[in-house]
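The structure appears below as structure tokens.
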Amino acid sequence: RTPRVRSGLVVKVNVGYAAGFNGALLKTPYGGTNWNYINGPLGAMSSTGKIIYNLYFFDVNIGWAVGDAPNASSAFVYKTIDGGATWTAASNIPILNNTLWGIDFVNPSIGYISGAAGKVMKTIDGGVTWTDVSLTTTNYTVVGGLATLPKAQTYGGLQVLDANTAVISSLNNGCVLRTTNSGATWYASGNQGFGIPQMATWQMAATGPTKDTIVNAGGNRKSGGCGK
């Protein structure tokens with residue numbers, strides 16, 4: 001059966017992972033020439049309907065997977081330390097009743113998870129514990145727009161730049177917000193085209209010699225921006 005892939009990443013030369021619908025998880029040790037099913041966090045590919053929305057791997061062995069069932073009733077966070085051969089459900093997760101879409105780490109200790117309804121979590125101890133740093137009605141600023149909707153967005157794009165700085169982007173309307181104080185507050189610039197069509201963003205990556213350029217990739221164009 002051909003899997004529907006939702007996310008993928010290259011860990012090192014020739015080694016990569018891809019995951020998606022019905023718990024499918026694949027690995028290539030051959031630079032993408034051939035892909036093999038491996039036992040994902042949800043077991044073998046099945047018809048459970050659960051989706052692995054995103055993966056993050058530090059190296060070929062240590063990685064994370066986040067996702068949910070289609071009805072957002074049972075979000076999950078799993079970790080592997082043996083290249084995906086076995087997976088362990090993360091404990092102390094403060095948010096599991098909203099779909100979890102994005103995951104990224106700046107080092108083995110500090111990472112974030114983003115999801116629906118403005119939900120964001122952070123760990124500073126390699127995932128042993130997680131803290132809720134979600135958007136609320138008072139902890140974000142939208143310059144040049146009406147600060148009414150960022151907390152209701154679903155954030156699929158996520159990039160952690162350093163110990164204090166992270167950027168999230170919405171798959172609803174492309175709204176991009178940034179924190180420079182570990183998620184205590186969030187900021188959206190006023191040059192995002194409020195009231196004109198926006199692109200729903202699905203993936204985000206840092207690039208350039210010093211990783212100071214962020215690339216956002218998306219799909220359907222939606223109307224709005226951060227404040228509409």
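The chain is numbered in sequence order, starting from 1.
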Side chain to side chain contact (heavy atoms under 4.5 Å, CB included) between Ile124 and Thr131, intermediate numbers included: CA-CA 9 Å; Ile124 60 173; Thr131 302; over 6 Å; no

Heavy atoms only: give me the nearest [X]-[Y] pair and the separation to one decimal.
X: Thr80; Y: Thr86; result: OG1-O, 2.8 Å
X: Ser91; Y: Trp130; result: O-CD1, 4.1 Å
X: Trp101; Y: Thr99; result: NE1-CG2, 3.1 Å
X: Ala75; Y: Asn98; result: CB-O, 3.4 Å
X: Ala163; Y: Lys122; result: O-NZ, 3.2 Å
X: Ile95; Y: Val120; result: CD1-O, 4.3 Å

Atom pair OG1/CD1 of Thr129 and Ile93 - distance to nearest 0.5 Å: 9.0 Å

Gap separating the CG atom of Asp132 from the CD1 atom of Ile113, nearest 0.5 angstrom: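 Reported value, rounded in 0.5 Å steps: 11.5 Å.
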
Donor-acceptor check, side chain of [X] to backbone of [Y], threshold 3.5 angstrom: yes or no?
X: Tyr17; Y: Val60; result: yes
X: Thr123; Y: Ile110; result: no
X: Ser114; Y: Tyr155; result: yes
X: Asn92; Y: Val128; result: yes
X: Asp104; Y: Val160; result: yes

Audit row: Leu25, Trp87, side chain to side chain contact (heavy atoms under 4.5 Å, CB included) steps and yes/no: CA-CA 12 Å; Leu25 182 62; Trp87 295 81; 3.4 Å; yes

Sequence-distant partners of Lys79, side chain to side chain contact (heavy atoms under 4.5 Å, CB included), two or more places apart: Ile62, Trp64, Ile81

With side chains defined as the heavy atoms from C-beta onward, is the minimum distance between [X] and [Y] less than 4.5 Å?
X: Ile168; Y: Tyr112; value: no
X: Val66; Y: Val77; value: yes
X: Ile52; Y: Phe76; value: yes
X: Leu100; Y: Met121; value: yes

Partners passing side chain to side chain donor-acceptor pair (under 3.5 Å) against Asn181 (at least two apart in sequence or in another chain):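 Counting only residues at least two positions away or on another chain, Asn181 forms a side chain to side chain donor-acceptor pair (under 3.5 Å) with Thr179, Thr185.
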
Partners passing side chain to side chain donor-acceptor pair (under 3.5 Å) against Thr88 (at least two apart in sequence or in another chain):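 Per chain and number, Thr88 pairs via side chain to side chain donor-acceptor pair (under 3.5 Å) with no residue.
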
Working for side chain to side chain contact (heavy atoms under 4.5 Å, CB included), residues Ser169 and Val176: CA-CA 4 Å; Ser169 63; Val176 179; 3.9 Å; yes

